[in-house]
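Everything numeric here is computed off the predicted structure, so don't read it as measured data. Chain identifiers are assigned alphabetically (A, B, ...) following the order of the sequence lines, protein sequences preceding nucleic acid strands; residue numbering begins at 1 within each chain.
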Amino acid sequence: MPELPEVEIARRNLVRWIGPRRVVKAEADDTRVFRGAERARFSALKGRVESLERRGKYLLWTFEAGRGLLAHLGMTGKFVRRQKGQPEPYSRARFHLEDGTVIHFRDPRLFGRMEPVPASELRALEAIQSLGRDPLEDGLTGPQLAEAVGTSRQDLKVALMDQGRLAGLGNIHAAEALFRAGLHPARKPDTLTPEDWKRLARAIHATIAFGLEEQEGEEPVYLEDGGAENVFRVYGRAGQPCQVCQSPVESFTQAGRTTHVCPECQPLKAQRPGRKRAPGR
DNA sequence: TCCGGCCTGCTC
DNA sequence: GAGCAGGCCGGA
(Lines give C-alpha, C1' and ligand atoms only; values in the text may rest on other atoms or scores of the structure.)
Protein backbone atom coordinates (compact mmCIF):
# COMPACT_ATOMS: atom_id res chain seq x y z
CA MET A 1 0.00 0.00 0.00
CA PRO A 2 2.61 2.44 0.77
CA GLU A 3 3.37 5.49 -1.26
CA LEU A 4 3.37 8.98 0.16
CA PRO A 5 -0.38 9.29 0.85
CA GLU A 6 -0.59 5.85 2.43
CA VAL A 7 2.40 6.49 4.65
CA GLU A 8 1.01 9.87 5.65
CA ILE A 9 -2.30 8.24 6.57
CA ALA A 10 -0.39 5.62 8.55
CA ARG A 11 1.37 8.45 10.38
CA ARG A 12 -1.86 10.25 11.20
CA ASN A 13 -3.49 7.03 12.38
CA LEU A 14 -0.54 6.23 14.62
CA VAL A 15 -0.58 9.70 16.13
CA ARG A 16 -4.28 9.28 16.88
CA TRP A 17 -3.96 5.75 18.18
CA ILE A 18 -1.02 6.40 20.42
CA GLY A 19 -1.49 10.00 21.51
CA PRO A 20 -0.05 10.53 24.97
CA ARG A 21 -0.28 6.86 25.87
CA ARG A 22 2.91 5.13 26.82
CA VAL A 23 4.38 2.18 25.08
CA VAL A 24 4.78 -0.31 27.90
CA LYS A 25 6.32 -3.08 25.84
CA ALA A 26 7.81 -3.41 22.36
CA GLU A 27 8.23 -6.83 20.82
CA ALA A 28 9.85 -7.86 17.56
CA ASP A 29 9.80 -11.24 15.89
CA ASP A 30 12.89 -12.71 14.31
CA THR A 31 12.40 -11.69 10.68
CA ARG A 32 14.42 -9.78 8.14
CA VAL A 33 12.45 -6.66 8.96
CA PHE A 34 15.18 -6.38 11.58
CA ARG A 35 18.89 -6.77 10.96
CA GLY A 36 21.67 -7.55 13.34
CA ALA A 37 21.08 -6.08 16.77
CA GLU A 38 18.06 -4.08 15.68
CA ARG A 39 15.63 -6.53 17.15
CA ALA A 40 17.06 -6.14 20.61
CA ARG A 41 17.13 -2.38 20.27
CA PHE A 42 13.52 -2.37 19.13
CA SER A 43 12.55 -4.11 22.35
CA ALA A 44 14.08 -1.22 24.25
CA LEU A 45 11.63 1.28 22.77
CA LYS A 46 9.41 2.46 25.60
CA GLY A 47 7.45 5.37 26.97
CA ARG A 48 5.83 8.25 25.15
CA VAL A 49 6.13 8.88 21.46
CA GLU A 50 7.21 12.49 21.34
CA SER A 51 6.96 12.93 17.61
CA LEU A 52 6.14 10.95 14.55
CA GLU A 53 7.26 12.46 11.27
CA ARG A 54 7.25 11.35 7.67
CA ARG A 55 9.86 11.94 5.00
CA GLY A 56 8.93 10.45 1.66
CA LYS A 57 7.89 6.90 2.45
CA TYR A 58 9.77 6.76 5.75
CA LEU A 59 8.35 7.22 9.22
CA LEU A 60 10.60 8.76 11.85
CA TRP A 61 9.60 7.95 15.41
CA THR A 62 10.99 9.84 18.35
CA PHE A 63 10.44 8.25 21.74
CA GLU A 64 11.17 9.83 25.08
CA ALA A 65 14.64 9.30 26.48
CA GLY A 66 16.15 9.98 23.09
CA ARG A 67 15.31 6.74 21.41
CA GLY A 68 14.22 6.70 17.80
CA LEU A 69 12.94 4.39 15.10
CA LEU A 70 13.13 4.59 11.34
CA ALA A 71 10.35 2.58 9.72
CA HIS A 72 9.65 1.76 6.09
CA LEU A 73 6.55 -0.18 5.10
CA GLY A 74 8.02 -1.77 1.99
CA MET A 75 5.35 -3.14 -0.31
CA THR A 76 2.96 -4.78 2.11
CA GLY A 77 3.72 -3.33 5.50
CA LYS A 78 1.09 -1.56 7.53
CA PHE A 79 0.34 -0.57 11.09
CA VAL A 80 -2.91 -1.82 12.56
CA ARG A 81 -4.50 -1.35 15.96
CA ARG A 82 -5.88 -4.33 17.83
CA GLN A 83 -7.05 -5.15 21.32
CA LYS A 84 -4.73 -7.10 23.57
CA GLY A 85 -4.96 -10.82 22.85
CA GLN A 86 -6.48 -10.34 19.43
CA PRO A 87 -4.33 -12.22 16.94
CA GLU A 88 -2.96 -10.44 13.87
CA PRO A 89 -1.68 -12.50 10.95
CA TYR A 90 1.79 -11.56 9.71
CA SER A 91 2.43 -9.37 12.72
CA ARG A 92 6.19 -8.81 12.79
CA ALA A 93 6.47 -6.34 15.64
CA ARG A 94 4.19 -4.89 18.28
CA PHE A 95 3.85 -1.89 20.53
CA HIS A 96 1.77 -2.57 23.62
CA LEU A 97 0.16 0.60 24.93
CA GLU A 98 -0.74 1.28 28.53
CA ASP A 99 -4.48 1.22 27.73
CA GLY A 100 -4.33 -2.41 26.54
CA THR A 101 -4.35 -1.71 22.82
CA VAL A 102 -1.63 -3.12 20.63
CA ILE A 103 -0.17 -1.56 17.50
CA HIS A 104 1.01 -4.30 15.15
CA PHE A 105 3.40 -3.94 12.29
CA ARG A 106 1.88 -6.36 9.83
CA ASP A 107 3.94 -7.30 6.79
CA PRO A 108 3.24 -10.54 4.88
CA ARG A 109 6.04 -10.14 2.36
CA LEU A 110 8.65 -8.89 4.77
CA PHE A 111 9.84 -6.05 2.57
CA GLY A 112 9.42 -3.56 5.39
CA ARG A 113 12.29 -2.32 7.55
CA MET A 114 12.58 -1.26 11.16
CA GLU A 115 15.76 0.43 12.27
CA PRO A 116 15.99 1.64 15.85
CA VAL A 117 18.55 4.43 16.20
CA PRO A 118 19.07 7.29 18.63
CA ALA A 119 16.46 9.94 17.86
CA SER A 120 19.17 12.54 17.36
CA GLU A 121 20.58 10.51 14.48
CA LEU A 122 17.35 9.86 12.60
CA ARG A 123 17.60 12.77 10.22
CA ALA A 124 21.26 12.19 9.54
CA LEU A 125 20.73 8.65 8.31
CA GLU A 126 21.80 8.12 4.74
CA ALA A 127 18.33 6.81 3.86
CA ILE A 128 16.83 10.15 4.90
CA GLN A 129 19.66 12.44 3.81
CA SER A 130 19.53 11.09 0.29
CA LEU A 131 15.83 11.81 -0.20
CA GLY A 132 14.69 14.48 -2.58
CA ARG A 133 12.05 17.01 -1.70
CA ASP A 134 8.80 15.81 -0.23
CA PRO A 135 5.89 17.42 -2.07
CA LEU A 136 3.68 17.53 1.01
CA GLU A 137 6.28 18.64 3.55
CA ASP A 138 8.41 20.91 1.40
CA GLY A 139 5.95 22.07 -1.23
CA LEU A 140 6.54 21.59 -4.91
CA THR A 141 6.35 24.19 -7.65
CA GLY A 142 6.87 23.74 -11.36
CA PRO A 143 10.40 25.17 -11.29
CA GLN A 144 11.32 23.08 -8.25
CA LEU A 145 10.05 19.97 -9.98
CA ALA A 146 11.96 20.84 -13.14
CA GLU A 147 15.12 21.32 -11.12
CA ALA A 148 14.73 18.03 -9.29
CA VAL A 149 13.60 15.80 -12.15
CA GLY A 150 14.48 17.68 -15.32
CA THR A 151 18.11 16.65 -15.30
CA SER A 152 17.32 12.94 -15.38
CA ARG A 153 17.95 11.06 -18.60
CA GLN A 154 15.60 8.28 -17.64
CA ASP A 155 11.98 8.13 -18.68
CA LEU A 156 9.84 10.71 -16.94
CA LYS A 157 7.92 8.25 -14.83
CA VAL A 158 11.05 6.42 -13.75
CA ALA A 159 12.60 9.75 -12.79
CA LEU A 160 9.51 10.74 -10.79
CA MET A 161 9.84 7.56 -8.79
CA ASP A 162 13.51 8.20 -8.03
CA GLN A 163 13.34 8.93 -4.30
CA GLY A 164 16.55 10.91 -4.47
CA ARG A 165 14.91 13.40 -6.81
CA LEU A 166 11.42 13.48 -5.38
CA ALA A 167 10.43 11.64 -2.22
CA GLY A 168 7.15 9.79 -2.01
CA LEU A 169 5.85 8.85 -5.43
CA GLY A 170 5.62 5.18 -6.30
CA ASN A 171 4.26 3.26 -9.24
CA ILE A 172 0.60 4.10 -8.76
CA HIS A 173 0.75 7.77 -7.93
CA ALA A 174 3.43 8.51 -10.53
CA ALA A 175 1.18 7.01 -13.21
CA GLU A 176 -1.83 8.89 -11.89
CA ALA A 177 -0.02 12.23 -11.74
CA LEU A 178 1.22 11.83 -15.31
CA PHE A 179 -2.28 11.08 -16.50
CA ARG A 180 -3.65 14.15 -14.75
CA ALA A 181 -0.93 16.24 -16.36
CA GLY A 182 -1.47 14.73 -19.82
CA LEU A 183 2.16 13.66 -20.06
CA HIS A 184 3.36 10.33 -21.40
CA PRO A 185 5.40 8.29 -18.88
CA ALA A 186 8.09 7.65 -21.49
CA ARG A 187 8.68 11.32 -22.25
CA LYS A 188 12.25 12.38 -21.59
CA PRO A 189 12.44 14.97 -18.82
CA ASP A 190 14.52 17.38 -20.91
CA THR A 191 11.68 17.73 -23.44
CA LEU A 192 9.23 19.25 -20.95
CA THR A 193 8.38 22.92 -21.09
CA PRO A 194 8.04 25.12 -17.99
CA GLU A 195 4.29 24.88 -18.53
CA ASP A 196 4.53 21.08 -18.49
CA TRP A 197 6.44 21.13 -15.22
CA LYS A 198 3.93 23.47 -13.68
CA ARG A 199 1.04 21.27 -14.75
CA LEU A 200 2.84 18.18 -13.51
CA ALA A 201 3.59 19.75 -10.13
CA ARG A 202 -0.08 20.60 -9.75
CA ALA A 203 -1.03 17.09 -10.84
CA ILE A 204 1.27 15.60 -8.21
CA HIS A 205 -0.36 17.68 -5.50
CA ALA A 206 -3.79 16.69 -6.76
CA THR A 207 -2.88 13.01 -6.84
CA ILE A 208 -1.55 13.12 -3.31
CA ALA A 209 -4.58 15.04 -2.08
CA PHE A 210 -6.85 12.47 -3.70
CA GLY A 211 -4.94 9.63 -2.09
CA LEU A 212 -5.21 11.25 1.32
CA GLU A 213 -8.93 11.83 0.95
CA GLU A 214 -9.63 8.32 -0.24
CA GLN A 215 -7.87 6.72 2.65
CA GLU A 216 -8.78 8.95 5.51
CA GLY A 217 -10.00 7.05 8.52
CA GLU A 218 -9.15 3.80 10.13
CA GLU A 219 -9.73 1.35 7.33
CA PRO A 220 -7.91 1.89 4.06
CA VAL A 221 -10.43 2.25 1.27
CA TYR A 222 -8.36 0.93 -1.57
CA LEU A 223 -5.49 -1.42 -2.10
CA GLU A 224 -6.72 -3.53 0.72
CA ASP A 225 -5.92 -7.21 0.29
CA GLY A 226 -8.50 -8.56 -2.01
CA GLY A 227 -10.74 -6.49 -3.92
CA ALA A 228 -11.86 -3.01 -3.17
CA GLU A 229 -12.81 -1.24 -6.36
CA ASN A 230 -10.17 0.54 -8.36
CA VAL A 231 -10.51 4.25 -7.66
CA PHE A 232 -7.64 5.23 -9.95
CA ARG A 233 -7.87 6.90 -13.33
CA VAL A 234 -5.40 4.80 -15.29
CA TYR A 235 -3.55 2.58 -12.83
CA GLY A 236 -4.76 -1.01 -13.15
CA ARG A 237 -7.12 -0.16 -16.01
CA ALA A 238 -5.32 -1.67 -18.99
CA GLY A 239 -7.83 -2.41 -21.75
CA GLN A 240 -10.58 -0.34 -20.18
CA PRO A 241 -11.82 2.87 -21.78
CA CYS A 242 -10.12 6.05 -20.61
CA GLN A 243 -12.47 7.96 -18.32
CA VAL A 244 -11.81 11.12 -20.30
CA CYS A 245 -11.61 10.13 -23.97
CA GLN A 246 -12.84 6.51 -24.02
CA SER A 247 -9.85 5.17 -25.90
CA PRO A 248 -8.39 2.04 -24.33
CA VAL A 249 -5.86 2.45 -21.55
CA GLU A 250 -2.58 0.72 -22.36
CA SER A 251 0.10 -0.77 -20.19
CA PHE A 252 3.76 -1.41 -20.79
CA THR A 253 6.87 -2.08 -18.75
CA GLN A 254 9.30 0.61 -17.66
CA ALA A 255 12.32 -0.22 -15.56
CA GLY A 256 10.68 -3.47 -14.58
CA ARG A 257 7.42 -1.91 -13.44
CA THR A 258 4.06 -1.88 -15.15
CA THR A 259 3.01 1.54 -16.35
CA HIS A 260 -0.51 2.53 -17.33
CA VAL A 261 -1.20 5.27 -19.83
CA CYS A 262 -3.93 6.70 -22.03
CA PRO A 263 -2.14 7.18 -25.34
CA GLU A 264 -4.68 9.78 -26.46
CA CYS A 265 -4.62 11.96 -23.36
CA GLN A 266 -0.89 11.42 -22.86
CA PRO A 267 0.68 11.55 -26.32
CA LEU A 268 4.32 10.61 -26.48
CA LYS A 269 5.13 13.39 -28.90
CA ALA A 270 5.29 16.79 -27.29
CA GLN A 271 2.14 18.65 -28.24
CA ARG A 272 1.98 22.05 -29.72
CA PRO A 273 0.97 24.36 -26.91
CA GLY A 274 -2.74 24.87 -26.45
CA ARG A 275 -3.83 22.17 -28.83
CA LYS A 276 -5.45 19.76 -26.50
CA ARG A 277 -6.46 20.02 -22.92
CA ALA A 278 -4.97 17.82 -20.28
CA PRO A 279 -7.44 15.39 -18.68
CA GLY A 280 -7.63 17.78 -15.78
CA ARG A 281 -6.45 18.06 -12.27
C1' DT B 1 20.24 0.70 -17.67
C1' DC B 2 18.28 -3.45 -16.99
C1' DC B 3 17.21 -7.60 -14.31
C1' DG B 4 16.66 -10.53 -10.64
C1' DG B 5 16.03 -11.16 -5.81
C1' DC B 6 13.65 -10.58 -1.64
C1' DC B 7 8.60 -13.00 0.16
C1' DT B 8 3.67 -14.38 0.15
C1' DG B 9 -1.05 -14.02 -1.51
C1' DC B 10 -4.36 -13.28 -4.90
C1' DT B 11 -6.26 -13.46 -9.71
C1' DC B 12 -6.58 -15.37 -14.14
C1' DG C 1 -0.06 -23.31 -11.88
C1' DA C 2 1.67 -19.25 -13.83
C1' DG C 3 1.92 -14.55 -13.47
C1' DC C 4 1.52 -10.55 -11.09
C1' DA C 5 1.87 -7.15 -7.11
C1' DG C 6 2.28 -0.63 -4.09
C1' DG C 7 9.53 -0.90 -2.85
C1' DC C 8 14.16 -1.14 -2.81
C1' DC C 9 18.89 -3.03 -3.44
C1' DG C 10 22.77 -4.94 -5.70
C1' DG C 11 25.06 -7.05 -9.48
C1' DA C 12 26.06 -7.46 -14.38
Side-chain angles (χ1 to χ4, degrees), chain A residues 1-11 29-36 38 54-59 70-80 88-93 104-115 125-132 134 151-179 185-186 188-190 204 207-208 210-212 214-215 219-240 249-260:
Chain A
M1 77 160 183
E3 297 183 28
L4 190 155
E6 294 75 23
V7 179
E8 175 61 19
I9 291 294
R11 189 191 71 79
D29 299 336
D30 185 12
T31 69
R32 28 176 228 104
V33 167
F34 300 90
R35 314 267 159 87
E38 290 171 357
R54 183 192 54 75
R55 294 297 303 172
K57 302 174 192 172
Y58 286 91
L59 287 172
L70 182 69
H72 193 291
L73 305 178
M75 284 237 277
T76 51
K78 83 203 267 192
F79 287 100
V80 298
E88 177 62 24
Y90 308 111
S91 174
R92 310 303 189 187
H104 293 261
F105 177 63
R106 169 198 157 101
D107 186 9
R109 285 172 75 181
L110 294 167
F111 290 161
R113 284 280 289 129
M114 294 279 175
E115 194 178 342
L125 292 173
E126 174 62 20
I128 299 303
Q129 279 296 311
S130 63
L131 290 176
D134 181 305
T151 54
S152 172
R153 294 163 67 183
Q154 296 184 295
D155 286 358
L156 182 55
K157 170 164 167 282
V158 178
L160 286 176
M161 289 168 43
D162 181 341
Q163 302 300 299
R165 295 181 178 276
L166 196 60
L169 291 188
N171 202 32
I172 294 182
H173 295 293
E176 292 292 295
L178 287 166
F179 176 77
K188 290 299 178 187
D190 67 2
I204 289 169
T207 299
I208 290 171
F210 174 80
L212 291 174
E214 274 299 315
Q215 301 194 87
E219 295 302 326
V221 178
Y222 63 80
L223 299 178
E224 227 348 56
D225 318 302
E229 75 169 302
N230 182 355
V231 298
F232 301 111
R233 301 188 176 191
V234 283
Y235 180 81
R237 294 193 181 278
Q240 299 175 24
V249 171
E250 294 178 358
S251 70
F252 65 107
T253 301
Q254 268 181 309
R257 317 295 302 281
T258 303
T259 292
H260 295 84

A.B. asks: Select one nucleotide: of B:dC6, C:dA5, B:dT1, the one nearest the side-chain heavy atoms of A:Y235.
C.D. replies: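 Of all the options, the side chain of A:Y235 is nearest to C:dA5.
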
A.B. asks: In whole Å, what is the span from the CG atom of A:D107 to the P atom of B:dC6?
C.D. replies: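 In whole Å, B:dC6 P and A:D107 CG are 16 Å from each other.
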
A.B. asks: Does a side-chain heavy-atom distance below 4.5 Å link A:V80 with A:E88?
C.D. replies: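 Side-chain contact under 4.5 Å: yes.
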
A.B. asks: Tell me the interatomic distance from A:M75, atom CE, to B:dC10, atom P, rounded to whole angstroms.
C.D. replies: 15 Å

A.B. asks: To the closest 0.5 Å, what do you measure between CZ (A:R92) and OG1 (A:T31)?
C.D. replies: 6.0 Å

A.B. asks: Using OP1 and OP2 only, check whether a side-chain N or O of A:H72 sits under 4.0 Å from C:dC8.
C.D. replies: yes

A.B. asks: Could you check how far CG of A:D162 sits from P of B:dC2, rounded to whole Å?
C.D. replies: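 About 14 Å, once rounded to whole Å.
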
A.B. asks: Classify the side-chain pair A:H173/A:E6 by whether it contains a donor and acceptor separated by less than 3.5 Å.
C.D. replies: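 Distance-only check passes for A:H173 and A:E6.
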
A.B. asks: Does the side-chain contact (heavy atoms from CB on, under 4.5 Å) test come out yes or no for A:L4 and A:K57, once each step is laid out?
C.D. replies: CA-CA 5 Å; A:L4 190 155; A:K57 302 174 192 172; 5.6 Å; no

A.B. asks: Applying a 4.0 Å non-hydrogen cut-off, can you work out what A:R32 is touching in the nucleic acid: base, sugar-phosphate, or nothing?
C.D. replies: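 Sugar-phosphate, no base atom in range.
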
A.B. asks: Inspect the contact between A:R54 and A:E8 and indicate whether a charged nitrogen and a carboxylate oxygen are less than 4.0 angstrom apart.
C.D. replies: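 Judged by the 4.0 Å cut-off on N to carboxylate O distance, A:E8 and A:R54 do form a salt bridge.
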
A.B. asks: Residues from residues 249-260 of chain A sitting under 4.0 Å of DNA chain C, heavy atoms only?
C.D. replies: A:R257, A:T258

A.B. asks: Mind checking the P distance from B:dG4 to C:dG3? Whole angstroms is fine.
C.D. replies: 13 Å

A.B. asks: Do the side-chain N or O atoms of A:K57 get closer than 4.0 angstrom to the phosphate oxygens (OP1, OP2) of C:dC8?
C.D. replies: yes

A.B. asks: Measure the distance from CZ on A:R109 to C1' on C:dG3 and round it to the nearest whole Å.
C.D. replies: 12 Å

A.B. asks: If I take atom CG from residue A:D155 and atom NZ from residue A:K188, how far apart are they, to the nearest 0.5 angstrom?
C.D. replies: 4.0 Å

A.B. asks: Please give the distance between the P atoms of B:dG5 and C:dA2 as a whole number of Å.
C.D. replies: 16 Å

A.B. asks: For A:N171 and C:dA5, give me the distance from atom CG to atom P, rounded to whole Å.
C.D. replies: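 Taking CG of A:N171 and P of C:dA5, I get 8 Å after rounding.
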
A.B. asks: Could you tell me whether A:R35 and A:E38 make a salt bridge, using a distance below 4.0 angstrom between a side-chain N and a carboxylate O?
C.D. replies: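 Looking at A:R35 and A:E38, the cut-off is not met.
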
A.B. asks: Say you pick atom P in B:dC3 and the same atom in C:dA5; how far apart are they, in whole Å?
C.D. replies: 15 Å

A.B. asks: Please report the distance, rounded to the nearest Å, between OH in A:Y58 and C1' in C:dG7.
C.D. replies: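 In whole Å, C:dG7 C1' and A:Y58 OH are 9 Å from each other.
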
A.B. asks: Quick one: do A:R233 and A:E176 satisfy salt bridge (charged side-chain N to carboxylate O under 4.0 Å, His left out)? Show the steps, please.
C.D. replies: CA-CA 7 Å; A:R233 301 188 176 191; A:E176 292 292 295; 5.2 Å; no

A.B. asks: In whole angstroms, how far is the C1' atom of C:dG6 from the CD1 atom of A:I9?
C.D. replies: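 After rounding, the gap between these two atoms is 15 Å.
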
A.B. asks: Roughly how many Å apart are C:dC8 and B:dC10, using the P atom of each and rounding to a whole number?
C.D. replies: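 After rounding to an integer number of Å, I get 23 Å for this pair.
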
A.B. asks: What is the minimum heavy-atom distance between A:L73 and A:A10, and which atoms define it?
C.D. replies: CD1-CB, 4.4 Å

A.B. asks: Between the side chains of A:D107 and A:K78, is the shortest nitrogen-to-carboxylate-oxygen separation below 4.0 Å, so that they form an ion pair?
C.D. replies: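 Result for this pair is no, no salt bridge flagged.
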
A.B. asks: Can you find a pair of side-chain heavy atoms, one from A:F34 and one from A:D29, that are under 4.5 Å apart?
C.D. replies: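 The answer is no, as the side chains (C-beta and beyond) never meet within the 4.5 Å cut-off.
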
A.B. asks: Take A:L125 and A:Y58 through the side-chain contact (heavy atoms from CB on, under 4.5 Å) test and state the conclusion after the steps.
C.D. replies: CA-CA 11 Å; A:L125 292 173; A:Y58 286 91; over 6 Å; no

A.B. asks: Would you list the protein and nucleotides 10-12 of chain C atom pairs, both N or O, that sit under 3.5 Å from each other?
C.D. replies:
none

A.B. asks: Taking both distances under 3.5 Å as the test for a Watson-Crick or G-U pair, what stems of at least three pairs does DNA chain B have?
C.D. replies: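 Only these stems qualify: B:1-6 with C:7-12, B:8-12 with C:1-5.
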
A.B. asks: A:D155 CG to B:dT1 P: how many Å, rounded?
C.D. replies: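 Checked: the CG to P distance equals 9 Å.
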
